[in-house]
Structures are given as C-alpha cells and as structure tokens.
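Chain naming here is simple, since letters A, B, ... match the order of the sequence lines and numbering starts at 1 in each.
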Amino acid sequence: MSTNRKLADEFARMADVLELLGENRFRVAAYQRAARVLGELAENVEDLAGDTNDLVAIEGIGKGLAEKIIEFVETGRIAEHAQTIKKVPKGVLELMAIPGLGPKTLATFWKQADITSLKKLKAAIKTGELETLPRMGKKSVEKLAKSIAFAESAGDRVRLGEALPVALEILEKMRSLKAVVKADYAGSLRRGKETIGDVDILVGVADPEKSAAAVSKAFASMDCVQDVIAAGATKTSVRTDKNLQADLRVVSADQYGAALLYFTGSKENNVAMRERAIRRDLRLNEYGLWKADADMKNPRTHPVAARTEADIFKKLDLAYIEPEMREDRGELSAAEDGTLPDLIKLSDIKAELHAHTVASDGLWSIEELANAAKARGFHTVAVTDHSRAQAVANGLDEKRLIRHIEDVRAADKKISGIRILAGSEVDILSDGKMDYSDKILSQLDLVVASPHMALSQDDAKATKRLLRAIENPYVHIIGHPTGRLINRRAGLQPDMAKLIQAAAETGTALEINAHHWRLDLRDTHARAAIEAGALLAINTDAHGPGDLDHLGFGILTARRAWAEAKHVVNCFTAAKLKKWLTAKRQKMVG
DNA sequence: GCCGTTTTCGGCCCGACTGTTTTCAGTCG
C-alpha cells in the first residue's frame, strides 16, 4: 500500500475516533478533508515530506498535519494518534459503517451499555436492552436492525456502469408521471464517479404543494423498492433490489437549477459554493441563491437565481462548471479566472486504438470491428490482439502474429472509409520486458503495452516494470496501467508521478481504459498526467458488439481529469495520429 | 485543525426527515 493511502486511512480513522470522543466537529472535518486530499494526491507524499512548505502547499494541510505527515513518513507512526486511538475500542469504530448510526448514538451505546462490537450490539437488540437507552425507542431499534442487515448484505459502492441503468429505469418511470416537468439523475452518478454510493433522482413539478406527494408515492412504490427508509413531503429514500439506495427529491420547476446544483454536489463543492455566496452577501441553498437578508420562508420572496445552474454560476461571477469537475479540486478558482478547460466530449473521439478480434479472445472479425468503428464515425481503428503470454486469451505467438498482420493489411485494403492499424496488446512481463522482441514490435503500426500478470508485485518493482515499458521505443500506449479492477483487485500501485514524467518525456500515452470495471488510469492520475504534459488515450478494449459503447465511461473519467480533446490521442486527426505513431521510434531508434 | 478581499483569531454550509421528545438532537447528503 502506498504511503499516501496509508496516511489517508490513518487520518480517516482519526476523524472517526475524534468524532466518537465528541471532539470539535471542525477538527474532525479537517481530518476528513486531509484524508480525502491525500487519497487523491498523485504525487508521492514521501517526496514532499522533506520540506514542510511543500506539504503546507497542499489544500487542507496546515502546519499541524504537515508535522504529523513527516513523523509518519520518518517513523511509520504518529505517536499522538496511537495514544488517542487506544481510547476507543476497535469494534466501536467498525460500527460506524452502519448507516443511520452516528457517533453520538454509538458513544452512548459504548459508554452506557458496553456495546463494543457488532455481536454485542445484536445481542442488546435481542434482549431489549438497547430500548432502555436514552433516545432509543421501539422504532429506532427496528430501524437499526434493518440497517445492520443492509450493511451486512450490501458490499461496496456500486460500479458506475451498474448504477446507470438503475437510474435510467427510475427516470423513465418518473418522467412518465403527468405532474413531472423535468427529471434527472444527480449526485456522484452525474459527476461520473467510478463508483456510486446511492442513486440520486431529482424531479421538477409545476406545483410541489399539489403533486409532490403523488410523485413521492409513485417513487416509493416502484417494483424495485424493497424498503422505504424515509418518506417526507419532498424527500424520499428507498433501498432497491440491486442493493442500491435511491433518493428522490421533488422541487418546483422554478427552482430546479438550484436543486440540481445542490443534489449533484459534491458536498465539498457545495460547501465552497455556499461560502462564496456568503462572501458576496448572498446565501445559497437548494431552493436558490438569495440576498443575505431575504426572508426565504415568505413565498413572495424571489431568489436572485434558481431556475438553472447556469444562472446561479453567473450570479456568483463564475463560469459554468461541468458536473464532473465539481469536486472542490480547484474548479471554483478556475471558473473565476476563466481558465476552466474546454472538456473533451464523446464526439471528439475519432479512433479506437485498443480492440480484440477472434484472433485472440474477441468475438468479432477484423471486418466486423472495422465496420463498427466506421459506424461510429472513426477515421482509424487498431487491431490489438493479445500477445503470447496471454495463453488463456488465445494470445498470438510470433508466427501467428505475422500472419495476423497480413490479414489486417488485407482488410485495410478491402474496407474503405476507415484506416485499420495492425497492432498488438503486448504483455508487459513482470520485469518490464515486452512479450515480443523489438524486431517484431517494429513491424506493428501500434503497440499497446499492458500489465496482465504479477499484479500484486511490490510498488518499487511495479514502478521499474512500467518505466521499462514506457522507455521501449516501440510502445505507444500503456494499456490499463495499474491493472486494477474496481471493487475486485487493487492492481499495481507504482509511483505514478515517475511514470507520468517518463510518459511525458518519451511521448508515450497513458490509457484510460473505458471499461467500467477498469477506468484505469483513474481520474486523479489522469489529471496529474495532463498537468505534467503527458498524453492520454481513451480506449474501450472492445471484445465484441456493444463494447464500443463503454466509451462514455472513459469520457466521464477523462472529464473528471479536466481533459481536453488535445490531450487525448484518440481525438487527433488521421494525419496527426500517423505522425505521433512514428515520432517516438524516430526519436529513439532513428 | 485549517484559513484569510473584515481576520494570525474566530470563524468554519444548509436543510430534510425521524423518533423521541414536549422543543429538539442526531444523522445524512
């Protein structure tokens, strides 16, 4: 595990401990923020720990936490934390994962009834002891029991590609209701995050007084609803059969923009926006942007802006910030300065540079792949079947590859309107060597080099391995650089800053693999790559019909990385792409 | 514990819903 991750976990745990101990909530928030920031940091925090100034330059890290980071890097622990953590039993901390159970309630359980583990909590429910505790009635206990069952059955956050269909299905139902004027999914799904905690649905109606109740009822009685967690006048929360929570908010169509802004988040972005409003003598909530002294309860009071998100940004003197960027990662100051990126769009992609055919483990022929790519309006497609090490995927040995190259060249001649490149997805062996000789690689138009095996090797080895691949003159793209599978496999954890630097120096592109299980590179690493001047590729790794549709997930990730079309080789014109494909070889081997 | 177009001290977003309370604390997003 990287030091960044370890420190992020350490601070997150401290936040939990301090919360349980009833510490100042702003101090708790500071720890939570530091944990988030360190988790997202692409640079290796060890490289920054030599100089306090470098650490303090990180948003959310002040003098106090900087000293703690240095202590952790030097000694592997933080003495003060170790002391504090001892005060709270480990089991109590674990109980914080149960939804609806917060620090105050848990502290009461622990101190008044010695409930320090899930086992003890369940026992206390059974014996009725829990009901005797303050503010715990029959209903609270029942709700808690359900919540425990949910926490035990529901595992991780759901992958983007699994949450989206659920949201679309709910939206279709909501839009079919007569009273509904507008409906959208919001939350982390709209921001395109790689995993989704719950599906947020926003509905706009002409008159909430009249129709909110009916809409909420329709939502709570959908077939997929297993459990209603909360059902109020304008806000409803349910658990669906996909083990996903779904939240509905019904607002007046006049205030839809304000509600969409609030409901899309992120929480951190909302806080930053509201703070900005206050500094400008305004107030922002989910009903609108208001004058600071406005009586918002009075229906005759009109907001400064509320109908659209764009109106609100404008009144706050900000350029419109795309949902994918709303993570409090500097987007507000960029929107103020007019330096927001012109984010890449799906229609900017003009080439697929990583796809498989029946020659290895794909489902379609070269022609079928080419026609599918052509149908999407691409000018180029690369055939990149697996190399020999991928025996399970019917990887090609050098002999078969030579023949395959000939087949691709023949197809390229036969099919007009699209250029078909002869490529390969070559395994990066565990020591960084390529699975084919340079002589073979030199015959290919395009080489995607990817790690498939030894994905749990230590960080230093992984860094060396991938650096060696980047430095190979014939490698154009590093495919799914870490090999992670979301919610399934952590993958390699190389020193990303070093890889990015090498990629920038050699003109090697780093792939955002668009499959929703991969999304590898992840958003924060892709952003670091752009900032360092490295190129990205966005590929679907298509194996058959329908797979090119995954591109949308890759685009969302790229937009979260602030990527513009010019940063992504798949957006190059045919001529520019051709030039790029030969540039590295020419530079390195002449 | 962080941070600065009022500030190196004194602030730190805002509202819905629930259950247990007689007016609100706790949790969540």
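Here B:dT8 sits opposite no nucleotide as a Watson-Crick or G-U wobble pair (both hydrogen-bonding atom distances under 3.5 Å).
Of the candidate nucleotides B:dG29, B:dG1, B:dC14, B:dC14 has the atom lying nearest to any side-chain atom of A:R274. Comparing atom distances between the A:N285 side chain and each of B:dG15, B:dC12, B:dC13 picks out B:dG15 as nearest. Taking only side-chain atoms of A:S140, from C-beta outward, the nucleotide of B:dG26, B:dG19, B:dG15 with the closest atom is B:dG19. Counting only heavy atoms from C-beta on, A:L65 has its side chain closest to B:dC2 among B:dT27, B:dG19, B:dC2. For A:K235, the side-chain atoms get nearest to B:dC17 when compared with the rest of B:dA25, B:dG1, B:dC17. Out of B:dC17, B:dA16, B:dG19, the shortest distance to the side chain of A:K139 is found at B:dG19. Here B:dC17 is the nucleotide among B:dG15, B:dC17, B:dG29 with the atom lying nearest to any side-chain atom of A:A230. Between B:dT20, B:dC14, B:dG29, one nucleotide has an atom nearer to the side chain of A:D198 than all others, and that is B:dG29. Which of B:dC12, B:dG29, B:dG26 sits closest to the side chain of A:D200 comes down to B:dG29.
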* To do: Kindly determine whether A:M325 and A:R559 satisfy side chain to side chain contact (heavy atoms under 4.5 Å, CB included), including the steps that lead there.
  => CA-CA 7 Å; A:M325 298 181 67; A:R559 287 167 65 88; over 6 Å; no

* **Chi angles and distances behind the salt bridge (charged side-chain N to carboxylate O under 4.0 Å, His left out) call for A:R190, A:D200** => CA-CA 9 Å; A:R190 183 162 180 246; A:D200 297 315; over 6 Å; no

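At the heavy-atom level, A:P103 lies under 4.0 Å from the strands shown only through sugar-phosphate atoms. Residue-level contact check: A:A231 touches the backbone only, with heavy atoms under 4.0 Å from sugar-phosphate atoms and none from bases. Residue contacts shown for A:Y262 include a base, since a base heavy atom lies under 4.0 Å away. No engagement by A:N270 is indicated, since no non-hydrogen atom pair under 4.0 Å with the nucleic acid exists. Within the 4.0 angstrom heavy-atom criterion, only backbone atoms of the sugar-phosphate kind lie near A:K104; the bases stay farther away. No engagement by A:A272 is indicated, since no non-hydrogen atom pair under 4.0 Å with the nucleic acid exists. Contacts of A:R279 with the nucleic acid, taken as non-hydrogen atoms under 4.0 Å apart, are absent. Residue A:R25 is out of contact with every strand shown, counting any heavy-atom pair closer than 4.0 Å. Using a 4.0 Å heavy-atom criterion, one finds that A:T234 contacts the sugar-phosphate atoms exclusively. If you check every strand for non-hydrogen atoms under 4.0 Å, A:M273 touches nothing.
A:K173 NZ: more than 12 foreign heavy atoms inside a 6.0 Å radius. Within a 6.0 Å sphere centred on CD of A:E169, heavy atoms belonging to other residues, nucleotides or ligands number 12 at most. The 12-atom threshold is exceeded at CD of A:E152, counting heavy atoms of other residues, nucleotides or ligands nearer than 6.0 Å.
Phosphate contact (OP1/OP2 of B:dC14, side-chain N/O of A:R283, threshold under 4.0 Å): present. Taking only side-chain nitrogens and oxygens, A:K68 comes nearer than 4.0 Å to OP1 or OP2 of B:dG1.
Residue whose closest nucleotide on DNA chain B sits further toward the 5' end, between A:I61 and A:Y287: A:I61. Residues A:E336 and A:E275 both approach DNA chain B. Their nearest nucleotides, taken by heavy-atom distance, put A:E336 toward the 5′ side.
Here B:dT18 presents its C1' atom at 15 Å from CG of A:D247, a figure rounded to the nearest Å. When rounded to the nearest whole Å, the span between CE of A:M136 and C1' of B:dT27 equals 13 Å. Note: NZ (A:K146) to P (B:dG19) measures 10 Å, nearest angstrom. Between the CD1 atom of A:I58 and the P atom of B:dG1 there is a distance of 17 Å, rounded to whole Å. When rounded to the nearest whole Å, the span between CD of A:Q32 and P of B:dC28 equals 11 Å. When the P atom of B:dG19 is taken as reference, atom CG of A:L144 falls 12 Å away, rounded to whole Å. Distance, A:R276 CZ to B:dC14 C1': 19 Å, rounded to whole Å. The nearest whole Å value for the distance from the NZ atom in A:K267 to the C1' atom in B:dT27 is 11 Å.
Using a cut-off of 4.0 Å between Lys/Arg side-chain N and Asp/Glu carboxylate O, A:E268 and A:R36 are scored as salt-bridged.
Comparing the P positions of B:dT21 and B:dG26 gives an interatomic distance of 13 Å, to the nearest angstrom. Here the separation of B:dC9 from B:dG19, taken at their P atoms, is 47 Å to the nearest Å. Distance check on atom P: B:dC14 versus B:dT8 gives 23 Å, rounded to whole Å. If you take atom P in B:dT6 and the same atom in B:dG11, they sit 15 Å apart, rounded to whole Å. Remark: the separation of the C1' atoms in B:dC28 and B:dT22 is 25 Å, to the nearest Å. When the P atom is compared between B:dT20 and B:dG15, the two are found 26 Å apart, to the nearest whole Å. Comparing the C1' positions of B:dT23 and B:dT18 gives a spacing of 15 Å, expressed to the nearest Å. Nucleotides B:dT7 and B:dC12 are separated by 16 Å at their P atoms, to the nearest Å.
Two residues are said to be in side-chain contact when any heavy atoms from C-beta on lie closer than 4.5 Å; A:R135 and A:K104 fail this criterion. Annotation: side chain of A:R280 is in contact with side chain of A:L316 (closest heavy-atom distance under 4.5 Å).
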